[in-house]
Amino acid sequence: MKPRPLLRRPSFWLGLFVASFLAWAWWDTTRATTCVHWWVESGTRGVVRLDGTTYIFDRAVHTLTGKGSGVARLPPTTTEAQEFVFTQPGIRCLRIPDSLVFFSFVGLWGGWLAWRSRRMRRTATVV
């Protein structure tokens with residue numbers, strides 16, 4: 001029995017959808033800055049998407065009281081997000097380039113599709 005072509009597999013279309021979303025998110029960070037942050041009793045945490053990079057930050061001490069959250073979408077020329085993440089003392093920040101996320105996913109997905117296709121062909125020749 002001959003295995004199904006690549007275009008008829010749900011894993012191909014699902015992976016294509018995820019890759020398209022990651023490519024759009026990468027492109028979108030060059031057009032605007034998106035900030036999501038929340039504060040709890042233990043400190044402030046958040047994510048800033050800026051200039052094709054995602055920054056995840058954690059600040060143990062904050063000046064806000066209580067609990068809450070906030071979302072902001074800023075023009076790309078606004079430095080408010082940069083000042084918030086990079087100029088306050090005590091902030092730990094993790095930088096993840098969007099290109100790394102996109103190409104890692106495409107490489108792993110392509111490798112998995114190739115492995116699966118080879119395995120299906122080998123199974124079809126045995127039967």
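Source: prediction; values computed, not measured.
- Residues Leu108 and Val18 do not share a hydrophobic cluster, clusters being chains of Ile/Leu/Val/Met/Phe/Trp/Tyr side chains in contact below 4.5 Å.
- With rounding to the nearest 0.5 Å, the separation of CE in Met120 from CZ in Arg116 is 5.0 Å.
- Taken together through direct or relayed side-chain contacts under 4.5 Å among Ile, Leu, Val, Met, Phe, Trp and Tyr, Phe105 and Trp112 form part of one hydrophobic cluster.
- Remark: Trp24 CH2 to Asp98 CG distance equals 11.0 Å, nearest 0.5 Å.
- When side chains are defined from C-beta on, Trp109 counts as touching Leu16, because their heavy atoms get closer than 4.5 Å.
- In terms of hydrophobic clustering, with Ile, Leu, Val, Met, Phe, Trp and Tyr side chains grouped at heavy-atom distances under 4.5 Å, Leu113 and Trp13 are assigned to a common cluster.
- Of the N and O atoms on the side chains of Ser117 and Arg121, at least one donor lies less than 3.5 Å from an acceptor on the other residue.
- Relative ring orientation between Phe103 and Trp26 is described as perpendicular, the plane-to-plane angle rising above 60° on a 0-90° scale split at 30° and 60°.
- Here Leu22 contributes atom CG and Ser99 contributes atom OG; the two are 11.5 Å apart, rounded to the nearest 0.5 Å.
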